[in-house]
Number of protein chains: 2
Amino acid sequence: MAFAEVFTALADPTRRHIFEALRDQPKSVGQLAADQPVTRPAVSQHLKVLEFARLVSVQPQGNRRFYSIKRDGLDELRQYLDSFWSDALSAYGAEIARRMKNK
Amino acid sequence: MAFAEVFTALADPTRRHIFEALRDQPKSVGQLAADQPVTRPAVSQHLKVLEFARLVSVQPQGNRRFYSIKRDGLDELRQYLDSFWSDALSAYGAEIARRMKNK
DNA sequence: GCCTTCCGTAAGCCATGACTTACCAATATG
DNA sequence: CATATTGGTAAGTCATGGCTTACGGAAGGC
């Protein structure tokens, strides 16, 4: 049930913004907070949740802590998603669609 | 930003249970509530959220309303997820991993 | 060594949201 | 018809969680 934390983490808009801000490069907490409408401690708390969901990882560098995207959480989410893509479900969906049309 | 509602919908455990209970066949509200630790009105409210997220659809049948899984919401989620699977990100991830090792 | 920068944690506030009971409308059943 | 099923909605309660300010500790610069 590892995907649970991923859903929780990405359900919050601010947390998604932070996560997406890391798409192209690692950033320090201060850098991340600068682009957010919330204070730095709030960003810190969000990063904690994202880290717990295995969506980001930290790399301390002197004074600062650089966060970057980690694929583990995304992998788990994708795995969950894939389990709904079975042929059985597709066939079932088509059947429903057919019934709806014939109403 | 259609995926936002999907994240919100699937972030709640009860809502995920309801959603997953529809994997193999459509079910009425009463049927769904019977397998949940919450009351029927609660299930109704959850179904409303799931429907808004385009994760389920309704098909009234006489007295009852049969809910079934709808792929739209899942498609949107998958699309969002895929946007993080670019080669650029993979390359970047590998680079980070390399740096971490050389620490 | 002293002050600044960077950031995590604690404590408290407040809105949101997940639940309940109570109610009502619509369809089924006798 | 009268009563029972089925299920959506309203209203109210309560816990959770997202935010703030305040603080402390660790590394950088003079």
Side-chain angles (χ1 to χ4, degrees), chain A residues 1 3-22 25-70 73 99-100 103, chain B residues 1 3-22 25-70 73 103:
Chain A
M1 314 270 185
F3 52 83
E5 294 87 2
V6 181
F7 276 123
T8 304
L10 294 180
D12 182 75
T14 306
R15 219 139 48 206
R16 268 203 311 276
H17 290 153
I18 294 174
F19 181 62
E20 291 164 7
L22 294 172
Q25 55 174 325
K27 286 180 181 160
S28 68
V29 179
Q31 280 178 290
L32 286 169
D35 283 339
Q36 300 296 329
V38 297
T39 61
R40 188 193 46 73
V43 173
S44 261
Q45 289 159 12
H46 283 310
L47 286 167
K48 200 164 150 190
V49 176
L50 288 169
E51 192 178 8
F52 184 66
R54 289 165 295 273
L55 285 166
V56 303
S57 61
V58 211
Q59 195 178 356
Q61 203 163 326
N63 210 8
R64 293 176 284 181
R65 313 190 74 207
F66 283 90
Y67 283 86
S68 52
I69 284 189
K70 189 162 133 187
R99 272 194 229 161
M100 300 268 283
K103 176 178 162 124
Chain B
M1 314 274 183
F3 53 83
E5 294 88 3
V6 181
F7 277 123
T8 304
L10 294 180
D12 182 75
T14 306
R15 219 141 46 207
R16 268 202 311 276
H17 292 153
I18 295 175
F19 181 63
E20 291 165 8
L22 295 173
Q25 54 174 327
K27 285 179 181 160
S28 69
V29 179
Q31 281 178 290
L32 286 168
D35 283 339
Q36 299 297 328
V38 297
T39 60
R40 187 192 46 72
V43 173
S44 262
Q45 290 159 12
H46 282 310
L47 285 167
K48 201 162 148 191
V49 176
L50 287 169
E51 193 179 7
F52 184 67
R54 289 165 294 275
L55 285 165
V56 303
S57 62
V58 211
Q59 195 179 0
Q61 201 162 325
N63 210 6
R64 293 177 286 181
R65 314 189 75 208
F66 284 91
Y67 283 85
S68 53
I69 283 188
K70 189 163 135 188
K103 174 183 168 120

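Chain naming here is simple, since letters A, B, ... match the order of the sequence lines and numbering starts at 1 in each. These numbers come from the heavy atoms of this one structure, side chains and all, not from hydrogens, waters or symmetry mates.
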Comparing nearest nucleotides in DNA chain C, the 5'-proximal residue of the pair B/Arg15, A/Arg64 is A/Arg64

Between A/Arg16 and B/Ala4, the two heavy atoms sitting closest are NH2-CB, 3.4 Å

Looking only at D/dG18, C/dC19, D/dT9, the nucleotide nearest the B/Lys48 side chain is D/dT9

Residue-phosphate contact under 4.0 Å: A/Thr14 side-chain N/O, D/dG18 OP1/OP2: no

Ranking D/dG7, C/dT20, C/dG8 by distance to the side chain of A/Arg40, first place goes to C/dG8

Separation of C/dC6 atom P from A/Phe66 atom CZ, nearest Å, is 10 Å

What one should report as the nearest heavy-atom pair of B/Leu22 and B/Tyr67 is CD2-O, 3.3 Å

Comparing A/Val38 with B/Gln31, nearest DNA chain D nucleotide closer to 5' gives the residue B/Gln31

Requested in this report: State whether the side chain of B/Arg64 and the backbone N or O of B/Gly30 hold a donor-acceptor pair below 3.5 Å, judged by distance alone.
Outcome: no

Closest non-hydrogen contact found for B/Val6 with B/Gly73 is CG2-O, 3.6 Å

| said: Students often get this wrong, so: under 4.0 angstrom with heavy atoms, is B/Arg65 touching a base, only sugar-phosphate, or nothing? | reply: sugar-phosphate

DNA chain D nearest-nucleotide lookup for A/Gln61 and A/Val49: closer to the 5′ end is A/Val49

Checking C/dG8, D/dG7, D/dC19 against the side chain of A/Tyr67 (C-beta onward), the nearest is C/dG8

#### Entry: Distance-only donor-acceptor test (3.5 Å): side chain A/Gln45, base D/dT20
yes

For B/Lys27 and B/Ala21, the nearest pair of non-hydrogen atoms, with its separation, is NZ-O, 2.9 Å

Side-chain contact check for A/Ser44: nearest option of C/dC7, D/dG18, D/dT9 is C/dC7

Result for 5'-nearest mapping on DNA chain C, choosing between A/Leu47 and A/Asn63, is A/Asn63

B/Glu51 CD to D/dG8 C1', in whole Å, measures 12 Å

B/Thr39 has its side chain closest, among C/dA18, C/dG8, C/dT21, to C/dT21

Here the distance between atom P of D/dT20 and atom NE2 of A/His46, to the nearest Å, is 9 Å

